[in-house]
Structures are given as structure tokens and as C-alpha cells.
Amino acid sequence: MNNHVRPPGRARFAGVFSGDYQTFLALFGIGLLVTAFFRLDWWREALFDGARPAPVVLLGLLAVCCAFAWQSLLRRAFLWAEPAALTWLDFAGADRVRAISGRLWLGWSTRVLALGYLGTFLATVATFPPWAWLTGACLLAGSAVPALVLAARAPGTPWRSPRRLPVAAAAGRRRLVHTWAERLIRSVAVSFLDPMLMLPSARPIGGWSLRPPTLPRLAWLGVLGRARFLGSALLLALTAGLAHAALPAVPGVVLVGLGAFAALIPFGAGIGELWRSPGKLRWLDTSAGALRLWFAVTLGGLAAVWGLVLAAVTLLLGAPLAGTAWLALPVATGSVLRTAARPPVSYDDLGGTDLPFGQVPVRLVTQVTRGADLGVLGILLLAGLPFGLAAVLITLALTAYGILR
């Protein structure tokens, strides 16, 4: 039997060595990463503003980045197989277990390399002492090995060979096809520039009911059904707090705004699921304003809790955030609501225009960036303002616009 059957037309190594645009992007990215080490003085000024950060804080930031990386690996997105491949390539003798095991090794090694680069870059820019270099290496190795073991294990299946990991051998057809469908949705979302397709769906909640179907209950159940993202939101709060203490040159408004948006966007999927379905909106028999208002209240409560965690982290690190930075929280809430409650993308009359790097569909880009543009505008305006009446009025205006529009 031939154990190396491949689907026809599929490029090896993701097309990196094909000589096409994938090769250009890979060379361009590697060049940027290498060039960063030749501009260390500029990076010290941009990140640390001439200060010497404490190695412990930077190591804590690296630890949180490791937690993010291994959390994404443990979701086991590598467990996928096309239905056609399951039917025909298995029949032709392709080794599905070996292919899935290879994806796990590739994902794990890619994360190790990325974290290693991040730790090396931070240590070089901050001129770490030898003990901090050793601690960072132990931190990376001490988290990478257990993460690999946890991702590869499967109950009742022994580890026989690195090429045939237990999790790959135990994966059933239903799991492989389900993960492949999620992967296909992400691919379609990227191809058609419709990122709202990637908003997560809710999972069943035991002990809770939608009867009576009131708006407050609907908004709350939309959050509970996506409670699996609370861990990621907590890690984002830790990341923002550690980054504020470790990178004093980065404005706190930027860290709070970006962190809150990333933490809240999965929970905005509740209103997004309703907004893209006219039938569900008719079933609710309520106004769009009332629906937006109750979801805004729910997201605002989550943002307040997230802000309390961030405040606790910054106070423990002795680096409290300035008053203006906290104004980014309501702006991020309005931005998330505006992003999730956008209408379906329309592909008629895209309004293309020529730019130096090619033709750009202006109206399509405007639809895709709806919501995020409000957050970026708020960050840019608040980053240059002290805490005062002007900053508060800008925050109220942007937040109200995000909720109502």
C-alpha cells in the first residue's frame, strides 16, 4: 500500500516553496523578523521609552503568551479531514493518522518557534541578565512539553510512535468532519472578506431556558452559551496589565481598547446571530433599538468585570492605568456591538479604486471594517487627550454612536 497518497493539486508546505505569492510573503516576513534585531535602539525607545523594565514583568508577559499559544493548541483544530478524503484516500491506502499527527507536530513546533523568537527579542531589547535568559528558556520548555503531551493524548490509546499520536488514532469521523466544516467556514469568511462568519456559535446550557423569551434573558443566555471564552478574556486582561507594566511607552488607551475589543467580540456573537437572520428578528417582535440596548447593557457589564480584573493586575504590579485609558472600555463596548450588529455583506457595486499596491474594493472594505473603525478612531482620539471633559464627551459620543448605529 502507498502511505503517501496526497489530494491532487494540494501544494506541499502550504506553498511556501512554490515560487508564488506564498514564497514572497514567507521571505518578506522572515526579512522583517531578522531586521528587527538591527534596530534595537529604536525598539528600546518605542517600547520602553528609555526606561529599563524589570525582567520579572517581561517574563510574566512571556508566560501569558505561552498560555495563549498552548490554549489554542489544546483546542485541537488539527483534528480535521475532508469527507471526500475520508472516503477515497482511506480506501487508496493513505495514512490519515500519520497526516493528522504531522499537523500536531507542525502546530506545536510553529508555536515554539514563535514564542522563542518573542522571548529572544524581548530579552535582547531589554538586555536581560543571564539568569533571566535561563528562566525564559525553562519557562518555554517547561510549558511546551506538557502542552504537547496533553494535546497528543487520548484516553485508552497508547503512544506507540511520534508519527502516530494517540489523539490522531482515536479521532472519529464525526469529529474530523465537524472540525473540517469549521475550518471551511473560516476559509470562506477570509475569501469573501466576511469575518462575521467566524463569530462563535452558542453551546447548549443545562438548567437554563428561554421561556419567557424576554430580551434580557436572551442577551444573558447569549453570553452563557459562549462562556468557554471567559478564560481567553481573563488571559487578555492579564496580558494588557503586564504589557502596561512591561512596555511603558505604549499608551494605556491602546492596550485597554484592543484588549477589551478582543475579549468582548466572541460574546457579541449573540446579537450578530440574530441580526443576520430576519426570521429570528421577526420572531422576537421587538424594535432594533431595544435589542441593541439590552445587548449593550450585557456587554457593558462584561466590560466592567474585565476592567476590574485589569485594574487588580495593574495595582498588584504597581503600575495603575491613567484615567483616560479607562474611557476606552465603553468605546470598545460600542465598537463590539457595532461590529456584531452589522448587516450582511453586500457584493454589488463594490466601488473599486486603484492604489499603488493594486485595486481595492472601497465599499467592501468599509463594510468589513464597520465597528473596528469606531474603536480605532476612539483610541487615536483618547491617546492624545488628558482625562477631562473633552475626553468624556468624545467617549460618550462614540459609545452612543456604536450602540445606536
Side-chain angles (χ1 to χ4, degrees), residues 67-68 71-72 75 182 185-186 189 194-210 213-241 255-277 280-281 284 286 288-311 326 328-343 369-375 378-379 398-405:
F68 266 116
Q71 182 193 49
S72 65
R75 290 174 183 165
E182 294 179 343
I185 290 175
R186 291 194 296 268
D194 190 2
M196 290 301 99
L197 291 176
M198 294 187 287
L199 288 178
S201 58
R203 291 181 178 175
I205 310 166
W208 291 83
S209 173
L210 193 56
T214 61
L215 288 181
R217 184 185 294 269
L218 183 66
W220 176 239
L221 290 180
V223 171
L224 288 181
R226 296 165 180 86
R228 60 190 184 276
F229 294 98
L230 289 176
S232 298
L234 176 61
L235 287 177
L236 284 167
L238 294 175
T239 303
L255 298 174
V256 176
L258 295 180
F261 183 88
L264 295 176
I265 192 65
F267 302 101
I271 189 173
E273 186 177 359
L274 296 172
W275 210 260
R276 298 171 69 93
S277 176
K280 292 180 180 179
L281 288 177
L284 287 174
T286 186
L291 183 65
R292 283 176 173 270
L293 179 62
W294 279 109
F295 273 91
V297 171
T298 305
L299 291 175
L302 286 177
V305 175
W306 189 86
L308 290 175
V309 176
L310 176 59
W326 296 111
L329 274 178
V331 173
T333 303
S335 179
V336 167
L337 188 68
R338 179 173 166 81
T339 299
R342 68 172 59 152
T369 57
R370 173 189 166 95
D373 54 354
L374 182 71
I379 289 174
L398 292 176
T399 305
Y401 187 83
I403 295 175
L404 300 176
R405 300 285 296 179

List the atom pairs, with distances to 0.1 Å, where a side-chain N or O of residues 291-305 and a protein N or O form a donor-acceptor pair under 3.5 Å, not counting sequence neighbours.
| unit_1 | atom_1 | unit_2 | atom_2 | d |
| --- | --- | --- | --- | --- |
| Arg292 | NH1 | Ile403 | O | 3.0 |
| Thr298 | OG1 | Trp294 | O | 3.0 |

Mind listing the side-chain donor-acceptor pairs of residues 331-338 below 3.5 Å, one per line with the distance, residues two or more places apart or on another chain?
| unit_1 | atom_1 | unit_2 | atom_2 | d |
| --- | --- | --- | --- | --- |
| Thr333 | OG1 | Leu329 | O | 3.0 |
| Ser335 | OG | Gly371 | O | 2.4 |
| Arg338 | NH1 | Arg405 | O | 2.5 |

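No hydrogens or angles considered: a donor-acceptor pair under 3.5 Å links the side chains of Ser232 and Gln71.
Across Gly268 and Ala340, no two heavy atoms sit closer than the pair O-CB, 3.0 Å. In terms of heavy-atom proximity, Leu398 sits nearest to Gly378 at CD1-CA, 3.4 Å. Shown here for Pro343 and Arg370, the closest heavy-atom pair between the two residues is CD-NE, 3.9 Å.
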- Task: Would you sort out whether Phe229 and Val223 count as a side chain to side chain contact (heavy atoms under 4.5 Å, CB included), showing the intermediate values?
- Result: CA-CA 9 Å; Phe229 294 98; Val223 171; over 6 Å; no
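A donor-acceptor contact shorter than 3.5 Å is absent between the side chain of Trp306 and the backbone of Leu234. Within the 3.5 Å criterion, the main-chain N or O of Gly225 finds no donor-acceptor partner in the side chain of Arg203.
Take Ile185 and apply the side chain to side chain contact (heavy atoms under 4.5 Å, CB included) test, not counting sequence neighbours, and it matches Leu197. When the side chain to side chain contact (heavy atoms under 4.5 Å, CB included) test is applied to Ala262, the partners found at least two apart in sequence or on another chain are Leu236. Legend: residues meeting side chain to side chain contact (heavy atoms under 4.5 Å, CB included) with Ala269, ordered by chain and number and at least two apart, are Leu199, Pro200, Arg226. Ser72 is linked by a side chain to side chain contact (heavy atoms under 4.5 Å, CB included) to Arg111, counting only residues two or more places apart in sequence or in another chain. Partners of Arg276 according to the salt bridge (Lys or Arg N to Asp or Glu O under 4.0 Å) rule, which considers only residues two or more places apart in sequence or in another chain, are Asp194. In terms of the side chain to side chain donor-acceptor pair (under 3.5 Å) criterion, Arg186 has no residue partners (sequence neighbours excluded).
Residue pairs meeting the side-chain hydrogen bond (donor to acceptor under 3.5 Å, both in side chains) criterion with at least one member in residues 256-271: none, sequence neighbours excluded.
Taking CG from Leu255 and OG1 from Thr239, the interatomic distance works out to 10.0 Å, rounded to the nearest 0.5 Å. Here the straight-line distance linking atom CZ of Arg217 with atom CG of Leu224 works out to 11.0 Å at 0.5 Å rounding.
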